[in-house]
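A short write-up of the structure that comes next.
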Amino acid sequence: MFSWLEELNPEQRRAVLHDGGHLLIVAGAGSGKTRTLACRVARLLANGTRPERILLLTFSRRAAREMLHRAGQLAEAEGARRVWGGTFHAVANRLLRQHGAAVGLRSGFTVLDQGDNADLLGLVRHDLGLGEKGRRFPKKDTLSSIYSRMVNAQEKLVDVVERSYPWCRDDLDGIKEVFARYVARKRARNVVDYDDLLLYWRALATSTTTGPFLRSGFDHILVDEFQDTNAVQADIVASMAGPGAWVAAVGDDAQAIYGFRSGSARHMLEFPERYPGAEIVTLDRNYRSTPPIVAAANAVIAESNDGFAKCLRAVRPGEERPALASCADELAQSTFVCDSVLEHRERGVPLRQQAVLFRTGHHSDGLELELARRNIPFVKYGGLKFLEGAHVKDLLSLLRILENPSDELAWLRVLGLLEGVGPATTRRLIDELGVAEAEALTRFLGDGGDRPRFPTASATDLAAVRDALADCVGDDVPPAAQVERLGRACVPLFARRYPGTSSVRLADLEQLRAMATAYPSRSRFLAELTLDPPSATGDLAGPPHLDDDWLVLSTIHSAKGGEWQVVHLIHASDGNIPSDMALGSAKEVEEERRLLYVALTRARDTLVVSYPMRYYVRRHVLDDVHTYGQRSRFLTRSASVFDTVSVGEAQLAEDPVIGEVAALWL
DNA sequence: CATTTATAAATTTTT
DNA sequence: TTTATAAATG
């Protein structure tokens, strides 16, 4: 029927052709999962399914785009771009813009990101007087985590607190009160947080009035990375499914790494019960990596025992064993990695085919310095993001005020920017502006008697902000022009607030303006930015230094789904992988093991794992000692599948006596 | 006296 | 880059 079907293996073909029922594809790392899914979409399109009746849920917008692009090529169909594709949150946003009224959502709502959500909880916390001196009430970020866990895992508050936040158990009543007010406040201000997007979608899908209508819109629901879905997402999929709307879920329980976000492979393991009669296809042939790399990955995951049994079978040839390098210290590691990267490039592997992976964003700090020193271009995925910069948030807040004048958090930021206005005055102003009502903006802009009194010191700033906002009201000014106008007003404010760094920040504003040119309206710009934030430094300005080749640096989480010819995994020491923060329970430790597994399975031909023996830490003030690092506990028993190397003075540190002493530190 | 501003300390992973 | 504490300010 299709020539490309011939190129699939029998299991892949079965997954692509399966019809008339639900389907679970248990797809090991490198087993051609993306390709299978893309082929399935192409097959559906070619068989006459209308693209807008296919729903493709992926983990990032980028993943959806790539998959649909491939499907479009295969099916030679223009329509692939009309497939509903994106993350759960982005699709929820789209659906709710259309049908939100059915679940009590007013149109024009704005979306709170993680930070906003914590800030609003902080506001409520303050209003209730729970933050006062002498009281030890959970902080806003803790509250945010508890809330999110409760919602996404669908667990009772008591249970969440008992299990994961036992030190907060005395404040249960206070927490309940905060949450109640938080929920009410969101409603009143017409804002939704990430969790709400899912909850409203589920409500829409399970309601007896809107549910059937919603379900009738889709013939096929494809879900990628199913092992990372949370309880609400699993419910959503189930409630969208039915006879005539078939679910095809793809996942690998060995790669479940989003437990901290309440994702759980449980939903994947329970798929057969939830969808009786579902077809289950297992893909365990690894087309990505050489046999020694697959062996290393298998060795690491073998010690975890639950889940769908699958041991990857390598298909490609190759002899080169992965390396495990103990480095004298971080500097030695950076030097070693740079040398290795350049060496591979000499041998013909372009930088783009090489990646350096790590557990947390700042693990690459040292390496970034060395790369810069040697003029090796790179882009970094994960870690601190563009949108998290305070100045970017400031400008976006100005836009948000224009979009939704009840957006209290936006007001909070903007008012606090003015000279002489601190937290207390901000609150008073928000109160007197009557931010709950849409007239707040007119009240702020107009010079009628109902405008609140501002501190005298703020006069200049105030005038600048007011004039800029006034110029942007209405829909006739293009988003980019608004960013430009508002940014101009911010120049003096930023110079005062962010001394020394304001030129960098102004460059970011220009960046933001350039991004805005791609959007037809302010509302689209804001929504898409929060739901699909630029994930890498490179998403913004294109390749750095105008080079056409660059090295990829990425957190392991952000590397999910990626593959490179050469992969360096750095800081693979105990305390980093597994992270010290994750030693609370066996479950968390197992997730760290899977994280390592994900990292190892990104490599095609060459895998180099390294860790520094010596850490210079300043754990406490005036502490200038170093401690000794040990290789990750996950790499001790599987060490035989690696070639071990020592770099720098590492030989010294591996001295048996010093090693013994080092153990005392750990 | 309340509030703002200056100073120092600590920071997983992300839709 | 936020957040607790201290000094400065209106």
Side-chain angles (χ1 to χ4, degrees), chain A residues 57-64 86-93 111-115 117-119 122 131 133 136 139-141 144-145 148 151-152 192-198 225 228-230 232-233 256-263 357-363 365 381-385 387-394 416 418-428 455-458 496-499 501 505 527-533 535 554-560 571 575-584 588 591-592 594-596 598-599 617-622:
Chain A
L57 294 162
T58 55
F59 216 66
S60 68
R61 178 79 56 103
R62 206 172 69 228
T87 62
F88 276 91
H89 294 89
V91 171
N93 177 59
V111 181
L112 302 184
D113 68 17
Q114 171 85 339
N117 146 296
D119 287 346
K133 279 204 182 98
R136 262 193 24 191
K139 293 199 288 236
K140 63 179 187 183
D141 290 308
S144 169
S145 309
S148 175
V151 171
N152 288 302
V192 298
D193 59 24
Y194 283 137
D195 304 333
D196 288 332
L197 287 170
L198 300 181
E225 309 285 7
D228 287 320
T229 51
N230 65 38
V232 184
Q233 291 168 324
I257 54 174
Y258 278 89
F260 66 93
R261 233 173 64 184
S262 305
L357 308 183
F358 35 84
R359 175 67 176 84
T360 75
H362 66 261
H363 279 165
D365 290 353
Y381 289 80
L384 260 188
K385 269 173 256 109
L387 291 179
E388 273 151 30
H391 51 297
V392 176
K393 285 195 196 166
D394 291 337
L418 308 175
E419 184 164 16
V421 179
T425 314
T426 304
R427 267 190 304 277
R428 175 178 64 82
T456 38
S458 68
R496 191 170 45 79
R497 174 157 277 237
Y498 312 110
T501 58
R505 292 169 193 274
E528 311 237 335
L529 218 49
T530 29
L531 293 170
D532 187 32
S535 57
S554 175
T555 59
I556 301 176
H557 282 93
S558 298
K560 193 168 76 162
H571 285 291
N576 291 329
I577 308 176
S579 163
D580 277 331
M581 323 294 263
L583 299 180
E588 286 174 282
E591 179 152 315
E592 298 286 308
R594 295 192 294 268
L595 209 44
L596 174 62
V598 169
V617 285
R618 230 188 301 244
R619 206 158 288 224
H620 304 290
V621 225
L622 297 178

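Proteins get letters first, then strands, A, B, ... in listed order; numbering begins at 1 in each.
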**Q.** Side-chain touch A:Val151/A:Leu198, heavy atoms, less than 4.5 angstrom
**A.** no
Q: Looking only at side-chain atoms of A:Lys139, point me to the closest of C:dA4, B:dT3, B:dT11.
A: C:dA4
Q: Quick one: label A:Gln114 by what it contacts on the DNA or RNA (base, sugar-phosphate, nothing), any heavy atom closer than 4.0 Å.
A: base
Q.
Closest approach to the side chain of A:Thr360, judged atom by atom: which nucleotide of B:dT3, B:dT12, B:dT15 is it?
A. B:dT12
Q. Can you tell if the side chain of A:His391 reaches within under 4.5 Å of the side chain of A:Arg497, non-hydrogen atoms only?
A. no
Q. In the structure shown, which nucleotide is the Watson-Crick or G-U wobble counterpart of B:dA6, with both distances under 3.5 Å?
A. C:dT5
Q.
Categorize A:Gly259 for me: base, sugar-phosphate, or nothing, with a 4.0 angstrom heavy-atom threshold over every strand shown.
A. nothing
Q.
I need the NE2-P distance between A:His557 and B:dT12, as an integer number of Å.
A. 13 Å
Q. What integer distance in Å separates A:Leu357:CG from B:dT12:C1'?
A. 16 Å
Q.
Starting the side chain at C-beta, find the nucleotide from B:dT15, B:dT13, B:dT4 nearest to A:Phe260.
A. B:dT13
Q. Given the rule in the side chain to side chain donor-acceptor pair (under 3.5 Å) test, do A:Asp113 and A:Thr530 qualify, once you have shown the distances and angles that lead to the verdict?
A. CA-CA 6 Å; A:Asp113 68 17; A:Thr530 29; over 6 Å; no
Q: Could you pick out which residue, A:Thr456 or A:Ala390, lies toward the 5' side of DNA chain C when each is mapped onto its nearest nucleotide?
A: A:Ala390
Q) B:dT15, B:dT4, B:dT14: which one has an atom nearest the side-chain heavy atoms of A:Ala424? A) B:dT4
Q. Is the ring of A:Tyr258 stacked on the base of B:dT13, with centres less than 5.5 Å apart and planes under 30° off?
A. no
Q: Would you please indicate yes or no on a ring centroid separation below 6.0 angstrom for A:His89 and A:Tyr194?
A: yes
Q. B:dA9 P sits how many Å from A:His362 NE2, rounded?
A. 18 Å
(Q) Measuring from the side chain of A:Met581 (C-beta onward, heavy atoms only), which nucleotide among B:dT15, B:dT4, B:dT12 has the closest atom? (A) B:dT12
Q: Specify the separation, in whole Å, of atom CG of A:Leu583 and atom C1' of B:dT12.
A: 12 Å
Q: Find the partner of B:dT13: check Watson-Crick (N1-N3 plus N6-O4 or O6-N4) and G-U wobble (N1-O2, O6-N3) distances, both under 3.5 Å, and reply none if neither fits.
A: none
Q: Assign A:Pro455 to base, sugar-phosphate, or nothing according to its heavy-atom contacts below 4.0 angstrom with the strands shown.
A: nothing
Q) When all nucleic acid strands are considered with a 4.0 Å heavy-atom cut-off, which category describes A:Phe59: base, sugar-phosphate, or nothing? A) sugar-phosphate
Q.
Distance check needed: B:dT15 C1' versus A:Glu388 CD, whole Å only.
A. 12 Å
**Q.** Residue met sooner reading DNA chain B from 5', once A:Arg359 and A:Gly422 are mapped to nucleotides
**A.** A:Gly422
**Q.** Options B:dT3, B:dT12, C:dT3, nucleotide nearest the side-chain atoms of A:Ser579
**A.** B:dT12
Q. Is there a side-chain polar atom (N or O) of A:Thr555 under 4.0 Å from OP1 or OP2 of B:dT14?
A. yes
**Q.** Gap between atom OG of A:Ser262 and atom CG of A:Asn152 - 0.5 Å precision
**A.** 5.0 Å
Q: On the 0 to 90° scale, with breaks at 30° and 60°, tag the A:Tyr258-A:His557 ring pair as parallel, tilted or perpendicular.
A: perpendicular
Q: Find which nucleotide of DNA chain B each of A:Gly420 and A:Leu531 is nearest to by heavy atoms, and output the residue with the more 5' nucleotide.
A: A:Gly420
Q.
In the structure I gave you, are the side-chain heavy atoms of A:Thr87 and A:Asp532 within less than 4.5 Å of one another anywhere?
A. no
Q | Whole-Å gap separating C1' (B:dT14) and CG (A:Asp193) | A | 14 Å
Q) Starting at CZ of A:Phe358 and ending at P of B:dT11, how long is that distance when rounded to a whole Å? A) 20 Å
Q | Gap in Å between the two P atoms, one belonging to B:dT12 and one to C:dA4, rounded | A | 15 Å
Q) Should A:Arg505 be listed as having a side-chain N or O under 4.0 Å from OP1 or OP2 of C:dT1? A) yes
Q) Whole-Å distance between B:dT5 P and A:Leu418 CG? A) 10 Å
Q.
Can you see if the side chain of A:Lys560 gets near the phosphate of B:dT13 - specifically, an N or O under 4.0 Å from OP1 or OP2?
A. no
